[in-house]
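Not measured: the values here are computed from a predicted model. Just the heavy atoms: all of them, side chains too, but no hydrogens, waters or symmetry mates, feed the values below. To find a chain, count down the sequence lines: A is the first, B the second, and so on, and within it residues start at 1.
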2 protein chains.
Amino acid sequence: MKKMINKPENYVKEMLEGIYAAHPDLVTCTGEDVHCLVTARKKEGKVGIATGGGSGHLPLFLGYVGEGMLDGCSVGDVFQSPSAEQMLAVTKYIDSGAGVLYIYGNYNGDIFNFDMAAEMADFEEDIRVESVVAGEDVASAGPAAPGEKNTRRGVAGIVFVYKCAGAAAADMLPLEEVKRVAEKACANVRTMGVALSPCTVPRVGKPGFAIGEDEMEIGMGIHGEPGIRRGKLEPADQVVTEMMDQIVADLPYQKGDQVAVLVNGLGATPLDEQYIVTRKIDEYLKEKGISVHRYYVGEFATAIEMAGFSISLLKLDEELKKYLDAPARTPFFVQV
Amino acid sequence: MKKMINKPENYVKEMLEGIYAAHPDLVTCTGEDVHCLVTARKKEGKVGIATGGGSGHLPLFLGYVGEGMLDGCSVGDVFQSPSAEQMLAVTKYIDSGAGVLYIYGNYNGDIFNFDMAAEMADFEEDIRVESVVAGEDVASAGPAAPGEKNTRRGVAGIVFVYKCAGAAAADMLPLEEVKRVAEKACANVRTMGVALSPCTVPRVGKPGFAIGEDEMEIGMGIHGEPGIRRGKLEPADQVVTEMMDQIVADLPYQKGDQVAVLVNGLGATPLDEQYIVTRKIDEYLKEKGISVHRYYVGEFATAIEMAGFSISLLKLDEELKKYLDAPARTPFFVQV
């Protein structure tokens, strides 16, 4: 394990201490527990938005706490859910009477703990909580049948959900409306990833899986969950085309649609490669008659030092476009 | 070589096409040559600032072209200088009568070509050009004696020079004043890096050097130039202390000084680790009585997929602080 760290057991705590040291104008913690990260600029009367999840995915999840996006994040150990108590501490801190919306990824540990935190907030603290669970990885499961539970994993596309819901909350919309916007964003986003190399959880000390020097795995999740196909490494254009075929067919995104595109490096993939991928996505969408309102290219949801990338598309209507374009300022995301 | 690319010979061209596709509101090219990247929002009467250098360092160099920073960048092949003709094309495009300032890193190929471009601009185009060469890597050479040429390599600290000079130009200062601000930033910035793994130039197809699975090299340059010490991997706090000791002693940065700090991932180092490093830098500077005005943490000047990081300090006075804090908006750097 080749990492620039101190003791693996202090990995998350020291990472968080670095974030508090670097960004005191934007984020703070609720009290003694550094794992409960909240905005330093709480706005009275605004719906609070909380997220949470395991570490190892920076900028996810905590990186989007700030102005115009999220208000708080409970931070778990690497690839582990934070506790319901931590989620509750964040909830209490960010509530200012308008209620709190939880937006988090579709993982069992997070669902269990967020559900428990919501109950505690309601019964013990009289805080109204609503939840939106993001799950948009088309490689992880089929689409949910009407009335059925969505079993897809939540990956980088949640950033679009944060952005739109955060802007709606900043516009002082009530809880049910912020929830509606978050659900609309969830319904219109799809993601697929590809991994070229594994990642190592610091406490474990060895890679979570092995992959051949000439192999890639299409559809792999951000914790190394199995993808849909492992094969020889192919040229970028071919890989992008295979991924885009599946993403576009899934919603489906159609001729005349307008979308936002998020190209997300998983940790060790140079920006050069991400832009080579972007070039092909642009060509692909032009051919399909789908117009791109804006691109986001960079690291938005990583898997420690995994090499690879994911592509997320968000279909826009006038409302989502307005919220996507609204300004935001967090330690990891600034838009004017 | 495990990269998500197409043909290695198209690597830079396709990367640039991706950037133009993703950011048409901010950047464009001067004409037929995609390697000549310029702002899409030229401002009449403003001093133009141009940079240039080899590819493989994104966001360097082109990533800082936009509002409040640079106006143009000539882009070379991976780790290769662009040509004087490309630099001249950028110079002609961005000049609007107030002259052009070149700010670039201290590498022989770049110096040779920028000097030639400056001569051509003067004699053939009647454009006044001034140059500032940034070289602040304390591991690469000793400080220049009075009157001697600076032989230090320019690395991530050039971002501070871009930021301050860019803000001075945006304030409509004349060429000699923008140059003075750039030189002041250069004089007050120091950098040191550490590498944990090598990088592979796509056309070469194999790593530029070998380093043991348990080794690091302190002071290595962003093209793999030799550092000052290779040794066993050590805990982050120990590595940071060794680097800070040398950076701080070099200027020297002293008790009572106020600085900006840039923690720069070299390509494959997770943000988690960069913040663990930031935590120790913060502790170190507090102990020295040096206060931090602001931190920048992330990837600012990479070496393709090298693992490792660099630390840059900029000593601030009121003028540099004002220019550092001014707003900027480029595809890779947004500050409000």
request  = Would you check if B:F333 and A:V334 make a side-chain contact, meaning some heavy-atom pair closer than 4.5 Å?
outcome  =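 No - every pair of side-chain heavy atoms lies 4.5 Å or more apart.
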query = Does a side-chain heavy-atom distance below 4.5 Å link B:M4 with A:V277?
reply =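 Yes, side chains in contact.
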Below 3.5 angstrom, are there any donor-acceptor pairs between chain A and chain B, and if so, which atoms and how far apart?
{"unit_1": "A:K2", "atom_1": "NZ", "unit_2": "B:L196", "atom_2": "O", "d": "2.6"}
{"unit_1": "A:K2", "atom_1": "NZ", "unit_2": "B:G212", "atom_2": "O", "d": "2.6"}
{"unit_1": "A:K2", "atom_1": "NZ", "unit_2": "B:E215", "atom_2": "O", "d": "2.8"}
{"unit_1": "A:M4", "atom_1": "N", "unit_2": "B:E273", "atom_2": "OE1", "d": "2.8"}
{"unit_1": "A:I5", "atom_1": "O", "unit_2": "B:A236", "atom_2": "N", "d": "2.9"}
{"unit_1": "A:N6", "atom_1": "OD1", "unit_2": "B:A236", "atom_2": "N", "d": "3.2"}
{"unit_1": "A:N6", "atom_1": "OD1", "unit_2": "B:D237", "atom_2": "N", "d": "2.9"}
{"unit_1": "A:N6", "atom_1": "ND2", "unit_2": "B:D237", "atom_2": "OD1", "d": "2.8"}
{"unit_1": "A:Y11", "atom_1": "OH", "unit_2": "B:D272", "atom_2": "OD2", "d": "2.8"}
{"unit_1": "A:E17", "atom_1": "OE1", "unit_2": "B:R279", "atom_2": "NE", "d": "2.6"}
{"unit_1": "A:H23", "atom_1": "NE2", "unit_2": "B:Y275", "atom_2": "OH", "d": "2.7"}
{"unit_1": "A:L196", "atom_1": "O", "unit_2": "B:K2", "atom_2": "NZ", "d": "2.6"}
{"unit_1": "A:G212", "atom_1": "O", "unit_2": "B:K2", "atom_2": "NZ", "d": "2.7"}
{"unit_1": "A:E215", "atom_1": "O", "unit_2": "B:K2", "atom_2": "NZ", "d": "2.8"}
{"unit_1": "A:A236", "atom_1": "N", "unit_2": "B:I5", "atom_2": "O", "d": "2.9"}
{"unit_1": "A:A236", "atom_1": "N", "unit_2": "B:N6", "atom_2": "OD1", "d": "3.2"}
{"unit_1": "A:D237", "atom_1": "N", "unit_2": "B:N6", "atom_2": "OD1", "d": "2.9"}
{"unit_1": "A:D237", "atom_1": "OD1", "unit_2": "B:N6", "atom_2": "ND2", "d": "2.8"}
{"unit_1": "A:D272", "atom_1": "OD2", "unit_2": "B:Y11", "atom_2": "OH", "d": "2.7"}
{"unit_1": "A:E273", "atom_1": "OE1", "unit_2": "B:M4", "atom_2": "N", "d": "2.8"}
{"unit_1": "A:Y275", "atom_1": "OH", "unit_2": "B:H23", "atom_2": "NE2", "d": "2.7"}
{"unit_1": "A:R279", "atom_1": "NE", "unit_2": "B:E17", "atom_2": "OE1", "d": "2.6"}

ask   = Among B:V239, B:V12, B:L58, who wins on heavy-atom pairs under 4.5 Å with chain A?
value =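 Of the candidates given, the most pairs with chain A belong to B:L58.
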task = Select, from B:V263, B:L16, B:V297, B:I5, the one with the greatest count of heavy-atom pairs under 4.5 Å involving chain A.
result = B:I5
Approximate separation, where rounding is to 0.5 Å, of A:I304 CD1 and B:L271 CG =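 Atom-to-atom, A:I304:CD1 and B:L271:CG are 12.5 Å apart.
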request  = Please flag which part of B:P59 lies under 4.5 Å from any non-hydrogen atom of chain A: side chain, backbone, both or neither.
outcome  = both
key: Residue B:L233 versus chain A: region with a heavy atom under 4.5 Å   = side chain
query = Looking at A:G308, A:P331, A:G298, A:P235, which one has more heavy-atom pairs under 4.5 Å with chain B than the rest?
reply =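 Option with the greatest count: A:P235.
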inquiry  = Per the ring-ring contact (aromatic ring centres under 6.0 Å, His included) rule, what does the pair list look like for residues 193-213 of chain A, sequence neighbours excluded?
reply    =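 Applying ring-ring contact (aromatic ring centres under 6.0 Å, His included) to every pair that reaches into residues 193-213 of chain A, excluding sequence neighbours, yields nothing.
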